Amino acid sequence: MGYPQGYIEGVLVVELAMAAGELKTVLDRLRRAQGQVAGVIRMIEDGRDCADVVTQLAAASRALDKAGFAIIATGLQHCLADPGTADDDADRARTRARLEKLFLSLA
């Protein structure tokens with residue numbers, strides 16, 4: 001059974017708008033990770049040493065984590081800067097819970 005539009009796992013989704021500068025930083029991190037993953041693929045195809053492959057894979061993983069944390073931090077910043085976006089305490093609590101869940105998904 002699906003949830004109505006605007007809901008994820010039964011929680012109302014509040015749009016987390018980001019400024020262009022914030023998006024650029026996140027996109028730069030994601031592009032860096034994309035290049036690192038492509039490098040890992042090439043290393044495996046070329047039969048490179050396992051330690052080198054794992055080192056490169058760890059770097060890609062950190063880059064993805066940093067991008068995720070940046071997105072969540074931006075969401076938190078927007079929620080704190082404009083707490084009036086939620087209609088009531090229940091909406092604010094759901095937004096906080098959603099952001100906390102997102103944060104913990106990266107841990």
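Basis for what follows: all heavy atoms, side chains included, without hydrogens, waters or symmetry-related copies. If you're wondering where the values come from, they're calculated on a predicted model, not measured in any experiment.
Between the CE atom of M43 and the OG1 atom of T55 there is a distance of 7.5 Å, given to the nearest 0.5 Å. Between the CG atom in D46 and the CD1 atom in I41 there is a gap of 11.5 Å [rounded to 0.5 Å]. One distance of note links CZ of R32 with CG of L30; it measures 9.5 Å at 0.5 Å rounding. To the nearest 0.5 angstrom, Q36 atom CD is 11.0 Å from Q34 atom CD. Here CG of L57 is found 10.0 Å from CZ of R62. Values are rounded to the nearest 0.5 Å.
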- Task: For salt bridge (Lys or Arg N to Asp or Glu O under 4.0 Å), just list the numbers for D28 and K24, CA-CA rounded to whole Å, side-chain angles, deciding distance to a tenth of an Å, and then say yes or no.
- Result: CA-CA 6 Å; D28 288 346; K24 183 185 180 326; 2.9 Å; yes

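Here the closest heavy-atom approach between residue A60 and residue A33 is recorded as O-CB, 4.0 Å.
Hydrophobic clustering of Ile, Leu, Val, Met, Phe, Trp and Tyr side chains at less than 4.5 Å, counting indirect connections, keeps V37 apart from V53.
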